[in-house]
2 protein chains.
Amino acid sequence: MVKRAEAAAATRSALVRAASELLDEGGPGAVTLRAVGARAGVSRGAPYGHFERKEHLLTEIAVNAWNSLADKVEQLRADPDATPSARLERALLTLIEVGRRQPHLYALMFSTPADDPESAGAAGRLQDQFLAIVADLVGESDALRYGALLMSSAHGIAALELSGHLAKEKWKVGGEQLVRMQVDAIRSGVENADACH
Amino acid sequence: MVKRAEAAAATRSALVRAASELLDEGGPGAVTLRAVGARAGVSRGAPYGHFERKEHLLTEIAVNAWNSLADKVEQLRADPDATPSARLERALLTLIEVGRRQPHLYALMFSTPADDPESAGAAGRLQDQFLAIVADLVGESDALRYGALLMSSAHGIAALELSGHLAKEKWKVGGEQLVRMQVDAIRSGVENADACH
DNA sequence: CATTTTGATGTGACATTGTCATACTAATTA
DNA sequence: TAATTAGTATGACAATGTCACATCAAAATG
């Protein structure tokens with residue numbers, strides 16, 4: 001006698017896992033409810049017992065990704081033997097890494113409507129982690145402004161890399177270098193406001 | 001007696017225009033070959049006389065957008081009464097403007113495979129225009145590095161704005177301000193290399 | 001324990017869509 | 001005038017998201 005609640009929960013997470021795998025392997029076009037069901041060992045209509053629409057299944061994948069990323073950055077933030085700017089660089093590179101390793105997942109994260117409460121919450125967690133790291137470098141009062149700029153820059157780098165518009169043959173730079181430049185530019189800008197003039 | 005070549009060319013551009021309008025009005029989901037045909041005054045199968053696949057029709061829309069953007073930036077580049085940094089800011093804002101006015105078109109531009117020769121050519125034209133403007137500010141030798149960073153930043157700002165992840169209520173900044181900060185940060189960084197130390 | 005209820009799952013059906021094969025039509029050409 | 005051809009219309013098909021309904025076992029109820 002298998003408890004029904006457990007079996008249902010297992011099916012649900014199997015569906016999410018299956019959909020995630022299909023997304024990574026074949027892109028959005030490969031995430032078919034029929035394929036998801038087949039890989040999860042159930043039939044094509046089963047997902048509708050757990051998700052109202054296909055979009056909600058995808059949203060859950062995005063939420064998981066946001067949360068996992070927030071966890072990583074939070075962990076990274078606690079690292080004591082690293083300068084603030086080094087921590088910031090690593091945090092930004094963490095985002096870019098997702099874009100490289102799981103490009104389809106990355107695209108899904110940023111195409112999921114940000115007005116969805118769950119998605120917004122998880123994405124907000126990541127943003128807050130970023131903000132705290134930025135504040136360590138530029139101070140509380142400027143953290144929002146510079147945080148927005150740094151996040152935009154990192155996302156831009158990741159997005160252009162995975163769309164192929166930042167080909168290394170033409171631009172001669174990679175994401176790591178761009179992140180370093182960006183952090184340096186902001187750090188020197190902040191320091192100059194006090195020290196130089 | 002209407003010349004057939006002319007009629008065909010008219011149909012072709014009507015298809016592209018119809019598809020562009022549908023994209024702007026209703027997003028990618030609204031761009032159906034049937035809807036495109038109907039709006040262009042032909043039937044659902046007609047597009048296949050001009051485009052091998054639906055994807056090619058979309059690519060043409062993206063190419064037009066890239067070219068139009070490159071034209072605007074080229075025009076902007078010739079403006080004499082504007083400092084190099086002002087020209088750069090305006091160029092970056094031109095990209096962001098597309099994201100605001102035609103979000104679906106903007107998304108299409110950056111989701112069209114960059115390995116498509118036509119699309120790559122048009123996008124390359126825009127990048128070269130950017131590069132020239134950047135070179136005016138930071139010099140030829142650093143133009144590639146800073147150009148890549150500036151373009152990433154601008155695209156990141158535009159993309160985050162249209163995905164809703166840069167809500168002004170939370171971040172207290174808009175695209176204009178971020179672009180200004182970015183250009184200032186780079187300018188001051190470059191000047192400091194010479195002047196300060 | 002017997003019965004009823006309930007929620008997850010399987011299956012059939014339907015509309016939509018991209019795409020192909022085919023037929024038709026009018027412009028071009030021989 | 002007859003033949004060719006390029007553009008277009010139409011029918012058909014497979015894939016897909018989604019709904020309605022049937023089924024079946026676990027859980028609640030008596």
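In this text, all values refer to a predicted model and were calculated from it rather than measured experimentally. Residue numbers begin at 1 in each chain, while the letters A, B, ... track the order of the sequences.
Between Phe51(A) atom CZ and dG7(C) atom P the separation is 18 Å, expressed in whole Å. Between Leu33(A) atom CG and dT9(C) atom P there is a gap of 14 Å when expressed in whole angstrom units. When rounded to the nearest whole Å, the span between CG of Leu58(A) and C1' of dG17(D) equals 12 Å. The NZ atom of Lys54(B) sits 15 Å away from the P atom of dT16(C) (whole-angstrom rounding). Regarding Glu6(A), its CD atom lies at a distance of 16 Å from the C1' atom of dG7(C), rounded to whole Å. At whole-Å resolution of the value, CZ in Arg53(B) and P in dT17(C) are 18 Å apart.
Counting heavy atoms from C-beta outward, Leu108(A) and Leu58(A) have side chains that approach closer than 4.5 Å.
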Side chain to side chain contact (heavy atoms under 4.5 Å, CB included) between Arg101(B) and Asp24(B), intermediate numbers included: CA-CA 9 Å; Arg101(B) 283 214 267 256; Asp24(B) 285 344; over 6 Å; no
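Gln127(B) contributes a side-chain N or O that, together with a main-chain N or O of His165(A), makes up a donor-acceptor pair within less than 3.5 Å. With hydrogens and angles disregarded, no donor-acceptor distance shorter than 3.5 Å links the side chain of Thr32(B) to the backbone of Ala35(B). Under a 3.5 Å cut-off, the side chain of Glu161(A) and the backbone N or O of Gly175(A) do form a donor-acceptor pair.
Residue pairs meeting the side-chain hydrogen bond (donor to acceptor under 3.5 Å, both in side chains) criterion with at least one partner in residues 42-60 of chain A, sequence neighbours excluded, are Arg12(A)-Glu60(A).
When heavy atoms are screened at a 4.0 angstrom cut-off, Val31(A) is found touching the sugar-phosphate backbone but no base atom.
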Contact pattern, 5' to 3', of nucleotides 7-12 of chain D - B, S or - by protein heavy atom under 4.0 Å: SSBBBB
